[in-house]
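Bear in mind that the values here come from a model prediction, so they are computed numbers and not experimental data. As the structure lists them, so they are numbered: ligands from 1, and atoms in each ligand from 1. Heavy atoms only: backbone and side chains are in, while hydrogens, waters and symmetry mates are out.
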Amino acid sequence: MSYAQDVLAKLKEKNASEPEFIQAATEVLTSLEPVFEKHPEFEKASLLERIVEPERQIMFRVPWVDDNGKVQVNRGFRVQFNSAIGPYKGGLRLHPSVNLGIIKFLGFEQIFKNSLTTLPIGGGKGGSDFDPKGKSDREVMAFCQSFMTELFRHIGADTDVPAGDIGTGAREIGFMFGQYKRLKDVYEGVLTGKGLTWGGSLARTQATGYGLVYYAQEMLKDLGTDFNGKTVAISGAGNVAIYACEKAQQLGAKVITVSDSNGYVVDEEGIDLAAVKEIKEVKRGRIKDYLNYRPNAKYVEGAGLWQAVKVDVALPCATQNELLIDDAKALVANGTMIVAEGANMPTTLEATQYLQENGVYFAPGKASNAGGVATSALEMSQNSQRLSWTFEEVDEKLHNIMITIYKNSVAAAKEYNCEIGGKTNLVAGANIAGFMKVADAMMAQGVC
Ligand SMILES: NC(=O)C1=CN([C@@H]2O[C@H](COP(=O)(O)OP(=O)(O)OC[C@H]3O[C@@H](n4cnc5c(N)ncnc54)[C@H](OP(=O)(O)O)[C@@H]3O)[C@@H](O)[C@H]2O)C=CC1
Ligand SMILES: N=C(CCC(=O)O)C(=O)O
């Protein structure tokens with residue numbers, strides 16, 4: 001049994017109730033096998049045993065009062081996974097499905113994603129099982145203030161910088177920031193995704209979606225083509241999905257699907273993004289309301305998006321494990337050229353392998369969705385300098401970072417001979433490239 005396999009076996013035993021964390025760790029550790037053959041010093045330093053154990057895991061009670069005067073209680077989390085290359089950095093997910101295993105999977109992915117950005121940020125993640133859907137602004141504020149009343153003692157601009165993720169948008173970041181400032185009596189860049197009048201960065205809202213398309217553009221370039229005239233399927237209708245759609249449309253693609261947790265829309269004439277933005281960003285409505293704007297479109301309740309349409313490009317931008325083996329088989333049968341993940345771990349391990357082995361060029365979210373956290377790090381840079389860059393300046397830096405992530409992933413894959421289905425194995429390349437910088441820092445910093 002190899003070093004990585006031995007550590008993985010122990011990890012599965014020790015974290016048996018955390019399937020998503022085991023899934024994320026299985027993908028990374030399997031990719032790293034050839035690295036440990038070349039670097040036996042890593043095993044001697046028990047590097048893997050240390051990197052798979054979070055530096056700190058914080059769980060706390062979050063009591064708040066709803067609009068009926070009833071006291072509600074939620075559970076809060078922050079996993080400070082790895083600070084070898086910088087302060088912990090990662091989003092806050094507010095969704096009823098949140099538990100420690102989900103936050104550990106997200107935090108583990110964040111270590112290598114943040115490393116790939118080439119910026120000085122470590123890996124962390126947090127959130128709560130609070131569901132903001134259907135709550136009043138006052139209820140969301142009450143929750144966010146209570147959440148931050150516990151979290152503030154563990155974070156800071158040079159310690160741990162949370163941001164958005166599922167269920168955490170500009171509204172939630174605002175309420176959390178206001179509470180932090182009151183408690184700490186400090187005005188600092190402790191959160192990213194802030195409003196533009198109080199320290200936010202231009203292009204941060206667009207960054208994850210734009211960055212995903214910039215990365216996918218590099219993939220298409222290596223296939224001798226581009227987005228112009230391509231048919232694209234996108235899942236989700238939130239921050240990542242909306243701005244992936246916007247950039248793909250700007251590059252000449254026809255996006256024909258979006259979805260939410262109730263169902264999906266197919267609009268063969270091309271998604272009306274202004275309608276999606278109004279439904280989701282303004283009215284906080286359901287995607288089925290799209291038919292009120294585009295009566296010729298189709299709405300289908302439930303899952304099934306990936307088997308419903310024939311597309312050149314698939315961009316899963318909703319949630320983990322949304323693209324399963326039968327979806328992968330449908331994409332292959334329909335001749336899909338590339339799958340680039342906008343969400344974190346949306347494709348199961350089995351589906352990923354099937355897509356790669358059958359010639360679909362596949363990008364893991366830790367590489368292709370890194371534009372969000374990269375731009376968060378650019379927001380931190382602007383805060384440190386007490387400056388604000390223009391949209392064009394930030395967008396150009398973002399584009400260059402995504403090109404660098406792609407090139408570094410390809411280079412690492414080539415160095416370790418990682419090919420699959422006749423194409424570069426970007427999963428292995430991203431995991432290796434992301435790991436090496438963290439490994440180098442951990443080896444230099446001693447047993448810690
Ligand atoms: N925001 C960011 O900066 C980044 C986010 N990501 C990842 O991208 C993905 C989307 O995040 P983001 O756009 O920020 O989140 P949002 O909350 O803005 O949007 C999430 C979208 O996914 C849908 N969704 C959520 N859970 C499920 C589910 N269980 N089944 C089906 N659909 C679901 C939501 O539908 P509904 O409204 O019905 O809940 C919504 O349309 C997540 O995996 C996140 O971790 C990755 C990098 C950066
Ligand atoms: N949710 C995010 C963004 C994190 C951040 O901007 O710190 C992610 O990279 O998954």
Side-chain angles (χ1 to χ4, degrees), residues 20 86-98 102-103 105-114 116-117 119 121-127 131-134 160-173 189-194 200-201 204-212 215 234-245 258-265 276-277 279-281 284-289 302-305 315-323 341-347 364-380:
E20 292 85 2
Y88 308 104
K89 187 76 188 78
L92 293 168
R93 177 173 292 190
L94 299 182
H95 194 275
S97 63
V98 166
I102 292 283
I103 300 298
F105 119 64
L106 289 163
F108 189 66
E109 285 281 291
Q110 205 78 42
I111 302 169
F112 309 106
K113 178 189 312 188
N114 294 2
L116 284 167
T117 68
L119 299 167
I121 42 176
K125 206 80 177 192
D131 185 359
K133 275 212 284 291
D160 183 353
V161 180
D165 195 89
I166 293 179
T168 303
R171 173 183 65 174
E172 292 74 18
I173 292 294
V190 67
L191 299 175
T192 54
K194 301 188 290 294
S201 173
R204 176 58 186 91
T205 299
Q206 296 83 355
T208 312
Y210 278 28
L212 171 63
Y215 188 98
I234 291 177
S235 63
N239 172 259
V240 179
I242 284 172
Y243 292 99
C245 182
V258 285
S259 72
D260 65 16
S261 53
N262 297 116
Y264 62 91
V265 157
V276 177
K277 285 183 175 181
I279 294 166
K280 285 297 185 180
E281 294 184 333
R284 297 182 183 272
R286 300 283 83 208
I287 202 60
K288 68 181 177 187
D289 299 342
L305 181 159
L315 305 176
C317 298
T319 192
Q320 66 276 1
N321 294 325
E322 60 164 299
L323 202 162
E341 296 184 324
N344 283 307
M345 204 172 73
T347 315
K366 64 169 68 69
S368 46
N369 78 33
V373 72
T375 306
S376 276
L378 297 178
E379 180 172 330
M380 292 166 72

Mind checking what makes ring-ring contact (aromatic ring centres under 6.0 Å, His included) contact with Y215, not counting sequence neighbours?
-> Y406

Of the listed options (A303, G238, G167, G90), which comes nearest to atom 17 (O) of ligand 1 when hydrogens are ignored and any heavy atom counts?
-> G167

Side chain or backbone of R93 under 4.0 Å from ligand 1, or both, or neither, by non-hydrogen atoms?
-> side chain

Who's closest to atom 4 (C) of ligand 2 heavy-atom-wise, of G123, G91, A370?
-> G91

Backbone or side-chain N or O of N369 under 3.5 Å from ligand 2 N or O = no

Looking only at protein heavy atoms, what sits closest to atom 2 (C) of ligand 1 is T208 OG1, 3.6 Å

Heavy-atom nearest neighbour in the protein, as seen from atom 37 (O) of ligand 1, with distance rounded to 0.1 Å = R286 NH2, 3.0 Å

Mode of K133 contact toward ligand 1 - side chain, backbone, both, neither (heavy atoms, under 4.0 Å) = side chain

For atom 12 (P) of ligand 1, closest protein heavy-atom neighbour | V240 CG2, 3.9 Å

Per-atom contact, atom 34 (C) of ligand 1, protein heavy atoms, under 4.0 angstrom = no

Can a non-hydrogen atom of E109 be found less than 4.0 Å from any atom of ligand 2?
-> no

Pick, from T319, N321, I166, N369, the option with the minimum heavy-atom distance to atom 27 (C) of ligand 1.
-> T319

Among R204, K113, R93, the residue with a heavy atom nearest to atom 3 (C) of ligand 2 is R204

K113 and N369: side chain to side chain contact (heavy atoms under 4.5 Å, CB included), yes or no, with the steps?
-> CA-CA 8 Å; K113 178 189 312 188; N369 78 33; 2.8 Å; yes

Atom 41 (O) of ligand 1 - nearest protein heavy atom and its distance | A237 N, 3.0 Å

Nearest non-hydrogen atom to atom 26 (N) of ligand 1 belongs to which of E281, E322, R204, H95?
-> H95

Atom 31 (C) of ligand 1: closest protein heavy atom, distance to 0.1 Å, is S261 CA, 3.6 Å

Under 3.5 Å between some N or O of ligand 2 and some N or O of V161?
-> no

Just going by heavy-atom distances, which of S259, A318, G127, A207 is nearest to atom 42 (C) of ligand 1?
-> A318

May I ask which of K366, M380, K89, K125 has a heavy atom nearer to atom 8 (C) of ligand 2 than the others do?
-> K125

From V373, N344, T375, N239 - option closest to atom 6 (N) of ligand 1 by heavy atom | N344

